[in-house]
Amino acid sequence: MTRQIALVDCNNFYVSCERLFRPDLKTTPIVVLSNNDGCVVSRSNEAKVLGIRMGQPWFECKQQAEEQGILALSSNYALYADLSNRVMSILADFAPRTEVYSIDECFVDLTGMSKVRDTNYSMRDRVLQWTGLPVCVGVGPTKTLAKLANHIAKKHPRSRGVFNYNDLTDEQQTRLLGQINVGEVWGVGRKLTKHLAAHGINTVQDLRMAHAPTLRAEFGVVIEKTQRELQGVACIELEDHVTDKQQMICSRSFGKHVTGLAVLQDALSVFTATACEKLRAQNSHAALVQVFMLTNRFRQDLPQYNPSMAVPLPMPSNDSLVINRWVQHVAELLWRDGYKYKKAGIVLGDITPVSVVQTDWLEPTSAANGTRLMSAIDGLNNRFGRGTIKVSAGGMCDGWAMRHERKSPNYTTEWDAVPSV
DNA sequence: TCTCCGATTAGAC
DNA sequence: CTAACGGTCTAATCGGAGA
């Protein structure tokens, strides 16, 4: 039986979220900026037409944008995450197996179901009706072809937001794939596109038909899987259960240069608290802690210094206080005066479930390990917002906060920001 | 020369 | 006024160290 894998992808997701609460901006060109108001990460169709590129640094296009009346907003992740959850739970009602692939994308396995075409339009219509967010649906026999089908649904208005690759004849498939650039394929990025072009592979059809052993020898196993997926052979399974993170990173660019150790340590303690909270939320602990700090790599005229150090913990932990002591210590070791630091962060690694108790028979196990204090902190922060209870001096300095000068209110997650009717 | 492991790279969004 | 370019995560591959 031909698999029917649907990929549902929200259109211009962040911009669409912002517009829900600002219907007056329906036709205004809008962009949403990344953290620290650094880069453009979402664009309305109007902004795309005006030539704003995905990932473009904001300072580069700011003047042009203002002249053209483009509205720029800081990203509001509380809002996007909340709306994402609503979309995903709507889609979960359409099939027993779904995979939340990213904040704005979901695979839905419609294999064996009758009236797939009707279901595709229902998914699109119901998400739009219940949330106000426009989505496109692409269907294919593999995840890679579903993503490609979604790309087609987005690009061709005549598809009315839905495209099923399985409905094509062999000749239609060949002709269509011959018209699409290989760089559009899931898993083929900038570097690979260039590399492939050097071997005469320019279109999706070129890749689908390339000599497999040569391809594997020159480009590795990843692209071979991609090729087979383009041929309709499933190599990437639907992952319909959430897997624990193997690594957790918390890092930020700073709103202005940091030149004092105390300020940097303060930032690191906040990052540590956030990462440990996520660690506890998945019932895991970490055995490796890494700290890093970076100067501004775009300022090659300034002295560069990008140290990092990883320390194995004597005992795996998810206790913010315990881990923070290591972080603060390592930060001191790495710190050098005289540099302008632009970014810092921590990495928690060697993550395992807390149920896997890795006892060291040379060390006595420390009783309770601060677990009750941490769950009390998590409870309060969950209820009243992250940062209500903080680790030691975490967040007491203000010399490092990121820029987000254009953020909208948290319309859906804060009572005070709920719009009145 | 082989194997292991940490570091780097490429990709996604 | 001036400087101003994101954050998280995974898997594959590279390359140095030690066997």
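Sequence lines set the chain letters: A, B, ... in the order given, protein chains first and strands last, and positions in each chain run from 1. If you're wondering where the values come from, they're calculated on a predicted model, not measured in any experiment.
Each of A:Lys245, A:His241, A:Gln246 was compared with A:Thr243 under the side-chain contact (heavy atoms from CB on, under 4.5 Å) criterion, and only A:His241 meets it.
For C:dT8, neither phosphate oxygen OP1 nor OP2 lies less than 4.0 angstrom from any side-chain nitrogen or oxygen of A:Lys278. At C:dT8, one or more side-chain N or O atoms of A:Arg252 fall inside 4.0 Å of OP1 or OP2 (strictly under the cut-off). Contact check, A:Ser251 against C:dT8: a side-chain N or O comes under 4.0 Å of OP1 or OP2. The side chain of A:Arg299 places an N or O atom within less than 4.0 Å of a non-bridging phosphate oxygen (OP1 or OP2) of C:dA4.
For the pair A:Glu405 CD and C:dT2 P, the interatomic distance rounds to 16 Å; values are reported in whole Å. Distance A:Glu60 CD to C:dA3 C1': 14 Å, rounded to the nearest Å. For A:Leu294 and C:dC5, the CG to P distance is 13 Å, given to the nearest whole Å. Across the protein-nucleic acid pair, A:Lys194 atom NZ and B:dA10 atom C1' stand 15 Å apart, rounded to whole Å. When rounded to the nearest whole Å, the span between CG of A:Asn306 and P of B:dT8 equals 11 Å. Nucleotide C:dA3 holds its P atom 23 Å from the CE atom of A:Met402, rounded to whole Å. Separating the CZ atom of A:Arg406 from the P atom of C:dA4 is a distance of 17 Å, rounded to the nearest angstrom.
As judged by a 4.0 angstrom heavy-atom cut-off over every strand, A:Lys256 is placed among residues making no nucleic acid contact. Among the heavy atoms of the strands lying under 4.0 Å from A:Asn296 are primed sugar atoms or P, OP1, OP2 only; no base atom is included. Within the 4.0 angstrom heavy-atom criterion, only backbone atoms of the sugar-phosphate kind lie near A:Val185; the bases stay farther away. Backbone-only engagement by A:Trp186 is indicated by non-hydrogen atom pairs under 4.0 Å involving sugar-phosphate atoms exclusively. In this structure, A:His195 reaches neither bases nor backbone, as no heavy-atom distance under 4.0 Å exists between it and the strands shown.
In this structure, the ring of A:Phe163 has its center no less than 6.0 angstrom from the ring center of A:His156. For A:Tyr341 and A:Trp400, the distance between ring centers is not under 6.0 angstrom. A:His257 has its ring centre no less than 6.0 Å from the ring centre of A:Tyr339.
The listed nucleotides are C:dG7, B:dG11, C:dC5; the one nearest the side chain of A:Asn35 is C:dG7. In this structure, of C:dG6, C:dA4, C:dG7, it is C:dG6 that holds the atom nearest to the side chain of A:Ser34. Taking the side chain of A:Tyr101 as heavy atoms from C-beta on, and the options C:dC5, C:dG6, B:dA12, the nearest nucleotide is B:dA12. Among C:dA4, C:dG6, B:dG11, the nucleotide with an atom closest to any side-chain atom of A:Leu192 is B:dG11.
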| query | Reading DNA chain C 5' to 3', how would its secondary structure be written in dot-bracket notation, given Watson-Crick and G-U pairs with both distances under 3.5 Å, brackets [ ] for crossing pairs and | for partners on other strands? | reply | ......|||||||||||||

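Within 6.0 Å of NZ on A:Lys225 lie no more than 12 heavy atoms contributed by other residues, nucleotides or ligands.
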Using a 3.5 Å cut-off and no angle test, enumerate the donor-acceptor pairs between side-chain atoms of residues 83-91 of chain A and protein atoms at least two apart in sequence or in another chain.
from	atom 1	to	atom 2	distance (Å)
A:Ser84	OG	A:Ile103	O	2.6
A:Asn85	ND2	A:Ala81	O	3.3
A:Arg86	NE	A:Asp82	OD2	3.3
A:Arg86	NH2	A:Asp82	OD2	2.9
A:Ser89	OG	A:Asn85	O	3.4
A:Ser89	OG	A:Arg86	O	3.1

Please output the side-chain donor-acceptor pairs of residues 93-100 of chain A that fall under 3.5 Å, not counting sequence neighbours, one pair per line with the distance.
from	atom 1	to	atom 2	distance (Å)
A:Arg97	NH1	A:Asp240	OD1	3.4
A:Arg97	NH1	A:Asp240	OD2	3.0
A:Glu99	OE1	A:Lys143	NZ	2.8
A:Glu99	OE1	A:Glu239	N	2.9

What protein N or O atoms touch nucleotides 10-14 of chain C N or O atoms at under 3.5 angstrom, if any, and at what distances?
from	atom 1	to	atom 2	distance (Å)
C:dT10	OP1	A:Gln246	N	3.2
C:dA11	OP2	A:Gln246	NE2	3.4

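Interatomic distance, A:Trp326 CH2 to A:Leu321 CG, rounded to the nearest 0.5 Å: 15.0 Å.
Annotation: side chain to side chain donor-acceptor pair (under 3.5 Å) contacts of A:Ser284 (sequence neighbours excluded): A:Gln282.
Pairs engaging residues 121-132 of chain A under the side-chain hydrogen bond (donor to acceptor under 3.5 Å, both in side chains) rule: none recorded [sequence neighbours left out].
Comparing A:His257 and A:Ser253 by the nucleotide of DNA chain C that holds the closest heavy atom to each, the one mapping nearer the 5' end is A:His257.
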